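In what follows, a structure is listed as structure tokens, so that the remarks can point back to it.
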Amino acid sequence: MQNEAKNNPYYSRTDRTAVNISNEEWKKILSPELYAVAREAATERAFTGKYNEFDELGEYYCAVCGNHLFRSTEKFSSSCGWPSFFEADKEGVYYKRDITYGMDRVEVLCKRCDSHLGHVFDDGPKPTGLRYCMNSVSLEFVPDDQI
């Protein structure tokens with residue numbers, strides 16, 4: 001488990017119950033980098049995330065609350081600078097229109113804690129044609145042999 005989870009009483013890889021706490025409370029628990037991305041919808045710099053060029057087998061969870069988001073077999077090399085997936089756990093994420101910065105995009109959020117994960121675009125590979133462009137800091141990877 002990452003350092004984020006150690007001091008986080010809301011973190012669980014099995015509980016899917018919604019976590020409804022204030023950003024003020026999250027700010028006490030999360031690192032400044034994770035808080036900025038997850039709670040303020042910031043974006044980590046391209047090509048700097050730990051999972052951008054990463055291809056181990058396992059599961060990806062929300063770094064904020066532990067909710068399951070992706071399987072490594074759904075990840076692909078997109079060369080966009082962020083880890084990309086062609087499919088998400090339907091029980092793990094939800095979507096919201098994002099019209100910030102003069103763009104019209106679809107934001108991807110954690111269904112359990114409402115944290116910003118990244119955006120989804122329709123330029124991905126088959127079978128879905130989608131590209132979930134995620135921030136590494138918002139993800140926690142757990143290898144198959146530790147599940």
Side-chain angles (χ1 to χ4, degrees), residues 1-23 25-98 105-147:
M1 211 180 298
Q2 282 186 320
N3 289 340
E4 293 296 338
K6 288 182 183 173
N7 300 315
N8 184 345
Y10 308 102
Y11 186 95
S12 172
R13 288 195 209 133
T14 56
D15 187 356
R16 293 241 180 188
T17 308
V19 178
N20 295 309
I21 63 169
S22 68
N23 279 344
E25 180 69 14
W26 281 127
K27 198 166 203 164
K28 295 175 191 172
I29 297 168
L30 305 175
S31 70
E33 181 185 30
L34 179 54
Y35 181 85
V37 171
R39 307 310 304 174
E40 297 177 331
T43 301
E44 64 192 2
R45 285 186 307 121
F47 303 102
T48 63
K50 60 187 168 187
Y51 300 126
N52 182 44
E53 293 184 19
F54 184 85
D55 62 359
E56 290 184 35
L57 288 177
E59 305 291 336
Y60 289 86
Y61 298 87
C62 175
V64 174
C65 73
N67 198 30
H68 184 263
L69 303 171
F70 301 98
R71 169 81 187 138
S72 62
T73 52
E74 299 158 347
K75 191 173 187 289
F76 69 98
S77 178
S78 69
S79 304
C80 70
W82 293 274
S84 297
F85 302 83
F86 61 81
E87 189 169 30
D89 181 335
K90 290 169 185 52
E91 298 302 314
V93 301
Y94 76 97
Y95 310 94
K96 191 168 75 173
R97 185 175 183 200
D98 176 2
R105 303 178 288 175
V106 177
E107 182 181 12
V108 181
L109 299 106
C110 175
K111 198 178 259 191
R112 182 167 183 248
C113 70
D114 295 320
S115 287
H116 172 79
L117 303 168
H119 293 88
V120 63
F121 303 94
D122 62 3
D123 60 1
K126 291 181 179 181
T128 64
L130 299 174
R131 174 174 53 96
Y132 287 82
C133 187
M134 301 291 101
N135 290 284
S136 286
V137 71
S138 295
L139 304 174
E140 177 194 25
F141 176 78
V142 179
D144 279 348
D145 63 3
Q146 293 179 23
I147 294 176

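Treat the numbers as computed from the prediction; the structure is a model and nothing was measured.
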ask   = How many angstroms lie between atom NE2 of His119 and atom CD of Glu107, to the nearest 0.5 angstrom?
value = 5.0 Å
request  = Would you sort out whether Glu44 and Ser136 count as a side-chain contact (heavy atoms from CB on, under 4.5 Å), showing the intermediate values?
outcome  = CA-CA 8 Å; Glu44 64 192 2; Ser136 286; 3.2 Å; yes
inquiry  = For a 4.5 angstrom cut-off between non-hydrogen side-chain atoms, does Asn135 reach His116?
reply    = yes
query = Side chain of Asn8, backbone of Val64: donor and acceptor closer than 3.5 Å?
reply = yes
task = Take Val120 and Val93, measure what side-chain contact (heavy atoms from CB on, under 4.5 Å) needs, and give me the verdict at the end.
result = CA-CA 11 Å; Val120 63; Val93 301; over 6 Å; no
inquiry  = Determine whether a donor-acceptor pair (N or O, by modelled atom type, separation under 3.5 Å) exists between the side chain of Thr128 and the backbone of Phe86.
reply    = yes
query = Regarding Thr17 and Arg112, is there a side-chain donor-to-acceptor distance under 3.5 Å anywhere?
reply = no
task = Kindly give the heavy-atom pair with the smallest separation between Leu69 and Cys62, and that separation in Å.
result = CD1-N, 3.4 Å
query = Stepwise, does the ring pair (Phe, Tyr, Trp, His ring centres under 6.0 Å) test hold for Tyr10 with Trp26?
reply = CA-CA 10 Å; Tyr10 308 102; Trp26 281 127; 5.6 Å; yes
request  = Mark yes when over 12 heavy atoms from residues, nucleotides or ligands other than Glu40 sit less than 6.0 Å from its CD; otherwise mark no.
outcome  = yes
remark   = Correct closest heavy-atom pair for Thr48 and Arg45 would be OG1-O, 2.6 Å
ask   = Quick one: does Arg16's side chain have a donor or acceptor within less than 3.5 Å of a partner on Glu91's backbone?
value = yes
query = Hey, are the side chains of Met134 and Val108 touching, using non-hydrogen atoms and a 4.5 Å cut-off?
reply = yes
inquiry  = Please enumerate all residues that pass side chain to side chain donor-acceptor pair (under 3.5 Å) together with Arg97, with sequence neighbours excluded.
reply    = Asp104
ask   = Run the side-chain contact (heavy atoms from CB on, under 4.5 Å) check on Ser78 and Cys133 step by step: do they pass?
value = CA-CA 9 Å; Ser78 69; Cys133 187; over 6 Å; no
task = Would you please name every residue forming a side-chain contact (heavy atoms from CB on, under 4.5 Å) with Lys27, sequence neighbours left out?
result = Tyr35
Interatomic spacing from OG in Ser72 to CG in Leu57 - rounded to 0.5 Å = 4.5 Å
message = Tell me which one of Arg71, His68, Lys111 satisfies side chain to side chain donor-acceptor pair (under 3.5 Å) with Asp89.
response = His68
query = Roughly how far, to the nearest 0.5 Å, is the SG atom of Cys65 from the CG atom of Leu30?
reply = 10.0 Å
ask   = Do the side chain of Asn52 and the main chain of Phe47 share a donor and acceptor less than 3.5 angstrom apart?
value = no
inquiry  = Parallel, tilted or perpendicular: which one describes the rings of Tyr51 and Tyr60, with boundaries at 30° and 60°?
reply    = perpendicular
query = Ser115 and Arg39: side-chain contact (heavy atoms from CB on, under 4.5 Å), yes or no, with the steps?
reply = CA-CA 6 Å; Ser115 287; Arg39 307 310 304 174; 3.0 Å; yes
query = Which atom pair, heavy atoms only, marks the closest approach of Asn67 to Gly92?
reply = ND2-O, 3.2 Å
message = Measuring only between side-chain heavy atoms, which start at C-beta, is Glu56 closer than 4.5 Å to Phe141?
response = yes
message = Taking the side chain as everything from C-beta on, heavy atoms only, tell me whether Leu139 gets closer than 4.5 Å to Phe85.
response = yes
key: Tyr132/Phe70 aromatic ring centres below 6.0 Å   = yes
ask   = Any sub-3.5 Å donor-acceptor pair from Ser84's side-chain atoms to Trp82's backbone N or O?
value = yes
key: Beyond-backbone contact of Ser77 with Asp55, side-chain heavy atoms, under 4.5 angstrom   = no
query = Hey, what do you get for CZ (Arg13) to CD1 (Ile147), rounding to the nearest 0.5 Å?
reply = 7.5 Å
request  = Assess whether atom CG of Asp145 is packed by more than 12 heavy atoms of other residues, nucleotides or ligands within 6.0 Å.
outcome  = yes
